[in-house]
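Structure record follows, encoded as structure tokens.
Atoms within each ligand, like the ligands themselves, are counted from 1 in listed order. Computed from a prediction, not measured in an experiment: that's the story for all the values here. We're numbering straight along the sequence, starting at 1.
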Amino acid sequence: MPALPADPGTYYEDPAPGAGAVAPRAVAPSTAPALPLDGDWRFRLSPTAAGGGDGFERPDYDDSGWGLLPVPGHWQLHGHGSPAYTNVRYPFPVDPPHVPDENPTGEYRRVFDLPQDWPDGPDSGRTLLRFDGVDSCFRVWLNGTPLGHATGSRLAHEFEAGALLLPGRNTLAVRVHQWSAGSYLEDQDMWWLSGIFRGVTLLHRPEPALDDFFVHAGYDHTTGAGTLAVDTAGPARLSVPELGLHQVDPAGPHLLPAVEPWSAEQPRLYAATLSAGEETLQLRIGFRSIAIEDGVLRVNGRRILFRGVNRHEWHPEQGRAVDRATMLADVLLMKQHHINAVRTSHYPPHADFLDLCDEYGLWVVDECDLETHGFEPVGWRRNPADDPRWLDACLDRMRRTVERDKNHPAVLLWSLGNESGHGANLEAMAAWCHDRDPERPVHYEGDWDSRYVDVYSRMYATHAEVEAIGRRAEDPAGTPEADAHRRTLPFLLCEYAHAMGNGPGGLTEYQQLFERYERLQGGFVWEWIDHGIPRHGADGSLDYAYGGDFGEPLHDGNFIADGLLFPDRTPSPGLVEYAAVIAPVRIGAAGDGLRISNLYDVSALDHLEFRWVLEQEGLPVAEGRFDLPAVPAGTSVDLPLPELPATDGESWLTVRALLAEERPWAPAGHEVGRGQLPITPAAPRRAVATAGGGSSEDLPARIRALFLDGPRLDVWRAPTDNDHGGGNRSLVHRWRALGLDRMRHRTVSRTVGPSSLLVRTRVAPAATDLALLADYRWSEEAGRLRLDLRVEPEGDWSGVPLPRLGLRLALPAAVQRVDWFGLGPGESYPDSSRAAGVGRFGSTVDALQTPYVMPQENGNRSGTRWAEFTGADGAGLRVEGAPWFAFTARRWTAEDLDAARHTSELTPGDRVVLTLDHGQQGLGTASCGPGALPQHQLTAAPVEFTLLFSTPRNRDGR
Ligand code: IPT
């Protein structure tokens, strides 16, 4: 036990990690007594590190005037101070290791009674007081005597408490500082939130002690044998009844001729016990081997592909004080959406989360609690990662990560931290990991030369760059030797596809690269969940706060809302799209039949059933099942089409792969893959306009009867977060500079012909001579109003793609229902449409909206063959494409969406605004990363498209 300094002085400004805590260790459920100390504690908040300065730690201190605060919890989420968000920049001067005098400091008191049967005395062991997470620096007293102090917010610290424990009543006092030297190591792109946010427990530790243990459970894929050895500090006994091991010496090594390996797909765990003296620990052992061979990361002999996400801990009300039910919800949502890997950005999660990963099956990159990103804006001067004064703190953090988590089979890689520049301390951390746990590779993205890590890792690389890396032909970095070495390493994208707002776009093309090049072992989408904080308005509205909403003088706005889940854990369209892209079963056409590809890393397809349905115009006409031969992982099978009845309208065969039986993470029938094959095309439309009564003279009146307003040419969309990406090179910047948000319309001419009305217009922004010439030709076709729109750019439009190209019109507010045949059910965009399928869908106008935390373009339905917009009385508008169009329907305009900063600012107007589009610009991920690929850009070019308008058909007759 490190000595306590006589006078801790400003310990919270000491770069050293702390004093008084015992060595970090692994823990497991134990028969030894434990006393949880969670619950309401007495609490007060002071503005400076001195706290109340009135001896609050003394047992006889009168705290009856204090309030209560839940432990675990963050004081800012319980009415003391407020949350603050910055991404890269520190919210205090970069003056390491010092922090401002304004240093909110929480003092906690908790009185507890030691259970009467608590073992006592020198022969019966020790008692430790354990803190699983305190942000950012704390000092602890038991019965008035200091036990120590610590930094490392998301790391466990244990203090010897036994000598000070009293029979009966005991008083625990903890002083927590919001800012400390440790804060410089915790610049992790999240809300700054303080307090005792994970559990506190008193743990009895019997003698002989099982204080630490290290399970080594290897698997030989060539023989199916396992080897098991458990390191312990002293003599102990190990039992794994299922493997015939009873009370054996844990050191072994025990050769087990046949074990079932652990993998994320088949997370086989063996229950075991480890005993010494009176104490027995419950272990769950997973056998697996990790190897980097020929430049490829293999588990149990197989290349694996990370279909991953970066997970911050987040609960909208409790912040990072995440309960087990929420952790389980995360794991289930991940598994249900085919995610197989988690990077624990940017700190070790609550240990229960790793237990769930072991149990349900998720590969884990376990990241150390370290990020010094805020030194980048000051040119990395005095970066703690490269300053010897901080070496102990860096090593202490790495040790606490590895020692706590080393027995989880789910943990495949150790990550040194995130965005901490370069430095000797990082190298020392890597060396320590290699020495302590040679079985696991080390990850750190910041080491671009990959000199001291075992995998090459990058973030937000473009598709082109990833492609070059796949060919092991990436740009040279440091020395030729470093290049040669790096090119022998496997590659992963530790962050990509920034899921901020509407997006990410371009996932499919990344996945294609991962599947094409062996070296590319997948990646981790940034990030899992929006860290929004709910706000309830007086009018009953609910929206989510982000940076700046608490009056922070320095903040990074809604960059905190960049997840695949909305803050309430509703999947966003981005997650639905990701699930479709990474689905482990892919179904598509092959020759005259279909191909079913097994993209699992390990599993065959025996656990699935395959069902098909034939739909004509989106209505089912026949269905059945397929029987499959054996399809091992990584292979595919071609099947003939089933016998299908003849169809006449546009018909599609949809084939779905479903869980045949329930799994711990999903019920039977859960979909793990889907594909559609066109069977019969749409019947050709009668191309010639038929004179269906009435003359072209009637056309203006008919147009006025159908629409409240418009239709007219429209190119603007409420910019997405990705449109905003890239500073003054952003799409939004260029769009606004050009004036695409303020186009003016001029009618050039109006010509009434024998059977048509031609309206020529010129649509252009102020202060430029660029224009879009738009010709509207109205005619009549089989009782419908037909519009042929021709758009021609005038001038040089090559500088910037258009946001959209289409029409805007308005319908009465009574319109509430939407039915369509096309892609759905969710929104889709040119580079995010894998999740959408052809079918017939119905919704309400309100349900078509996607509530991105920051309002922006959303809800686009593309590939629409026809759509009907109706009120309760069935009146409204039917639109048919020739062949297709995209639409949105909203109770507000794109300008309203653009102006709103929170969803509660969007209020229904007196009309329903429709957009009917020829195209939209792709989404890309430029909020952090590349924009839309060229093939998904909406370049201005001459365009003609046709829509047919009529009143809705009667519903049954559709
Ligand atoms: C990257 C960070 O690693 C991550 O924590 C997050 O902030 C992300 O950006 C954006 O949301 S670093 C960035 C400079 C590429």
Should the pair E474-R458 be classified as a salt bridge under the 4.0 Å nitrogen-to-oxygen rule? no

Looking at F353, is R311 sitting on its ring face, NZ or CZ under 6.0 Å from the six-membered ring centre and within 45 degrees of the normal? yes

May I have every N or O pair linking ligand 1 to the protein at under 3.5 Å, one per line with atom names and distance?
| residue | atom | partner | partner atom | Å |
| --- | --- | --- | --- | --- |
| ligand 1 | 3 (O) | N418 | OD1 | 3.4 |
| ligand 1 | 3 (O) | N418 | ND2 | 2.8 |
| ligand 1 | 3 (O) | E495 | OE1 | 3.1 |
| ligand 1 | 3 (O) | E495 | OE2 | 2.8 |
| ligand 1 | 5 (O) | H346 | NE2 | 2.6 |
| ligand 1 | 7 (O) | N87 | OD1 | 3.1 |
| ligand 1 | 7 (O) | D189 | OD2 | 2.5 |
| ligand 1 | 11 (O) | D189 | OD2 | 3.4 |
| ligand 1 | 11 (O) | H498 | NE2 | 2.8 |
| ligand 1 | 11 (O) | W526 | NE1 | 3.0 |
| ligand 1 | 11 (O) | D562 | OD2 | 3.1 |

With W448 via side chain to side chain donor-acceptor pair (under 3.5 Å) - residues at least two apart: E445

Which residues pass the side chain to side chain donor-acceptor pair (under 3.5 Å) test with E317, sequence neighbours left out?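 Result, side chain to side chain donor-acceptor pair (under 3.5 Å) vs E317: none returned.
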
Contacts of type ring-ring contact (aromatic ring centres under 6.0 Å, His included), residue W75, not counting sequence neighbours: F43

So that I know where these two stand, are Y546 and H902 an aromatic pair - ring centroids less than 6.0 Å apart?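 Yes, the ring of Y546 comes within the 6.0 Å limit of the ring of H902, centre to centre.
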
